[in-house]
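Below, chain A is the first sequence line, B the second, and so on; all start at residue 1. The figures here come from the full heavy-atom set of this structure, side chains too, leaving out hydrogens, waters and symmetry mates.
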2 protein chains.
Amino acid sequence: MKSAPVTIKDIAKALNISISTVSRALRGMPEIHPDTRSAVMRLAEEWDYQPNQLAKNLAKSRTKTIGVIVPNLSYYFFSAMLNSIEDAAIQAGYSVLVCQSNESYLRETMQIQNLLRSQVEGFILSLSRDTSNCAHVERLIQKNVPLVLFDRYADNMAASKVMVDNREAAFKATEHLIENGCRRIAFLAGPPQLVLSNQRLAGYRDALTKHGLYMGDQYVFHCDYTQENTLMQTLALMSLPQPPDGLLTVSDRIAYPAMYAMKQKGVRIPDDVAVVSFNNEPLSSLFSPSLTSISQPIQEMGMETVRLLLRQLEATDGPITPETTVMPTQLVVRESSLRMKSADFLNGVLSS
Amino acid sequence: MKSAPVTIKDIAKALNISISTVSRALRGMPEIHPDTRSAVMRLAEEWDYQPNQLAKNLAKSRTKTIGVIVPNLSYYFFSAMLNSIEDAAIQAGYSVLVCQSNESYLRETMQIQNLLRSQVEGFILSLSRDTSNCAHVERLIQKNVPLVLFDRYADNMAASKVMVDNREAAFKATEHLIENGCRRIAFLAGPPQLVLSNQRLAGYRDALTKHGLYMGDQYVFHCDYTQENTLMQTLALMSLPQPPDGLLTVSDRIAYPAMYAMKQKGVRIPDDVAVVSFNNEPLSSLFSPSLTSISQPIQEMGMETVRLLLRQLEATDGPITPETTVMPTQLVVRESSLRMKSADFLNGVLSS
DNA sequence: TTGTATGCGTTATCAA
DNA sequence: TTGATAACGCATACAA
């Protein structure tokens, strides 16, 4: 039960002028007489006039709005990315409509549909865990809807992408474990359809192979990102006849429960098992032991994502060639992987 | 560069019928001839017609949309609340527009403004940390805009609210510490303008007073929810001439860095300092020691929040009297506060 | 400097 | 069962 909001028509009627004059005054067009303008402004102020954005957008056939769909805002990485994306978008005069897919393919397609109906001018998208079929995204591309994927993308799609070099990062992380004396290194991966997880798996294999430690994927277990599942996979891992002495996890969200499960089993970290992970959430430094993790330049990734989208949004002559930006990562070493106290010992192992 | 989307006008022209017929067919009105309907549907399907939501909303003067503003989606509590709110809203046929205030009063007022312009029909709001002046919310109330506050609300506002009994919960938590042998109990509170923090403070005082342990607020320190600040406050707390032997924190997000800082200082938890907190984030069970925390019924709170809003949205005769729902909490006891191994010893202390 | 008229894509109220 | 036509609130080309 609220009274009808005031419109430019109300103001025009009250001031006995035309609605176009009110419209122009409100928008600060230069041709308006100062007296007229101030009268309009005064009344608008007094009545707390709020322009109807729907009508505005409809009239201009533009919304200056971009749709952002992420799997889950409770993951630090995604909510941080959202903040960065929002800042960059606002800076460029765009506003943002946020949706979560809740890791569901169905929900993802529905959100795309909804945003499309809401006339967003472009999409920033990170695929859900359950998305293996990408027809819904392909449809956007076919329609020439500006689109940038980040982090969770799919291969073989003619879309702009922003990501880190997952393979290289995993290689780096795995080699760090090897340098710290690990010989049987396990990988708690994400679901098999996650490209990012597979790339990290590849980097993990690369490092093991390079150091003559690769023995098939017997130490690779897939997690579905739930706490319960990770606890189970970790226990399974530790019950292997030859349990691992090093662990790489695809995300801090996987590492936390994994470390918990190991500690419960009396496994000492890093002495029995050294752990390295991905994402470098702020909380990772607060765990005990603090967690070594690959950090991604979230701030820059958000800005770059928006930049690639703006390129498409503001292109005047036809569709633009998709562009992929690979951002650097950084290994942040903490207690969970620093096994050796002595640099000499470290060097000894490496040269042996 | 995308081609103009297809409209009902396009379909009408192609089928040589009127736009009203197309509109009716698309919306499944019963009076349409089956042949006409199927022809329309076929073409709509083929051309992937997407109704323009802006135009739809403008024409109906209804958006069936509610605006949700929270301080920060990276807090577990808020992103979980959002999920619950979204589910309940969708169920009731509403969609949700989400914004973050980023704990800024200015941003909060801007978001309200934006959502108002976007014609949301009601608000669900949790105030930012920096919001002490509530004129912006009062203005909504005056305009009879349906509104429900949750968790972070302000006193003396004629709005519907959903929250937990913070005072009682803090009392319960503090008494739990006392029962576990703590005698000098500190409270890491939130900013002084946070009502919720002050209520918890009151409950903390109640419990101390009841047990003859209250010695003024020398053990009360205020945090601003950043990690750095919490680390500092904790160190200050532990440097007191008589450091505390029990700690209550206003949020798990405060407890994590506090526990970290104490552990760094060699303080043993719970033996030297027992810790109890608020929110019961899923991660709290994974920390070592695992964190005792007050849990709030997030799922139910979200549903209740939406229920109270719907009551206002669907009221036909004038504004509705604001309603406040206080939800129950639960103390989830974990390692961080379980100091005594023996029940006999525990009973001994209590009866002494 | 201001007003008139038209359009944005839909819904809804009349007639037919 | 269908079709004109007028809203919805605003922007804008063109006239005045």
Notebook entry, point to check: Please give, in whole Å, the distance from dC8(D) C1' to K60(A) NZ?
Noted result: 19 Å
Check: Could you state the NZ-P distance from K9(B) to dA4(D), rounded to the nearest angstrom?
Finding: 14 Å
Check: Which whole-number value in Å describes the distance from R24(A) CZ to dA13(D) P?
Finding: 10 Å
Margin query: Under 4.0 Å from OP1 or OP2 of dC10(D): is there any side-chain N or O of Y49(A) that close?
Written below: yes
Item checked: Any donor-acceptor pair under 3.5 Å from E121(B) side chain to T63(B) backbone -> yes
Item checked: Given DNA chain D, 5'-ward residue of the pair V22(B) and A59(A), judged by closest heavy atom -> V22(B)
Margin query: Whole angstroms only, please: what is the CZ-C1' distance between R37(B) and dT2(D)?
Written below: 13 Å
Check: What nucleotide among dT1(C), dT10(C), dT1(D) has an atom nearest to a side-chain atom of E31(A)?
Finding: dT1(C)
Notebook entry, point to check: Between atom CD1 in I19(A) and atom P in dA7(D), what is the gap in whole Å?
Noted result: 13 Å
Next item on the list: Count the heavy atoms of every other residue, nucleotide or ligand shown that sit under 6.0 Å from CE of M110(A), and state whether that count exceeds 12.
Entry: no
Next item on the list: Take atom NZ of K56(A) and atom P of dG9(C), then tell me their distance rounded to the nearest Å.
Entry: 19 Å
Next item on the list: Please determine if a side-chain N or O atom of T36(B) lies less than 4.0 Å away from the OP1 or OP2 oxygen of dT2(D).
Entry: yes
Check: Quick one: is dT12(D) close enough that its OP1 or OP2 comes under 4.0 Å of any side-chain N or O from R27(A)?
Finding: yes
Check: Quick check: are there more than 12 heavy atoms from other residues, nucleotides or ligands sitting under 6.0 Å from CE of M303(B)?
Finding: no
Check: Would you find more than 12 non-hydrogen atoms of other residues, nucleotides or ligands less than 6.0 Å from E46(B) atom CD?
Finding: yes
Notebook entry, point to check: With respect to the side chain of S61(A), which nucleotide from dG9(D), dC8(C), dT10(C) is positioned closest?
Noted result: dC8(C)
Check: In terms of the nearest nucleotide of DNA chain D, which residue is placed more toward the 5' end: L58(A) or I32(B)?
Finding: I32(B)
Item checked: I17(B), nearest nucleotide to its side chain (from dT11(C), dG3(D), dC10(D)) -> dG3(D)
Check: Between atom CG in L15(A) and atom P in dG3(C), what is the gap in whole Å?
Finding: 10 Å
Check: Among the nucleotides dT10(C), dA11(D), dC14(C), which one has an atom lying closest to any side-chain atom of S23(A)?
Finding: dA11(D)
Note to self: Mind checking if L54(A) touches a base, just sugar-phosphate, or nothing, with heavy atoms under 4.0 Å?
What the structure shows: nothing
Item checked: d(CG, N57(A); P, dT10(C)) in whole Å -> 15 Å
Note to self: Just checking E31(A): does its CD atom have more than 12 heavy atoms from other residues, nucleotides or ligands closer to it than 6.0 angstrom?
What the structure shows: yes
Next item on the list: Answer with yes or no whether R117(A) presents, from its side chain, a donor or acceptor under 3.5 Å of a partner atom in the base of dG9(C).
Entry: no
Note to self: Taking donor-acceptor contacts at under 3.5 Å, does the side chain of S20(A) reach the base of dT4(C)?
What the structure shows: yes
Check: Just wondering, are more than 12 heavy atoms of other shown residues or ligands nearer than 6.0 Å to CD in Q91(B)?
Finding: no
Notebook entry, point to check: With respect to the phosphate group of dG3(C), does any side-chain polar atom (N or O) of S18(A) fall under 4.0 Å of OP1 or OP2?
Noted result: yes
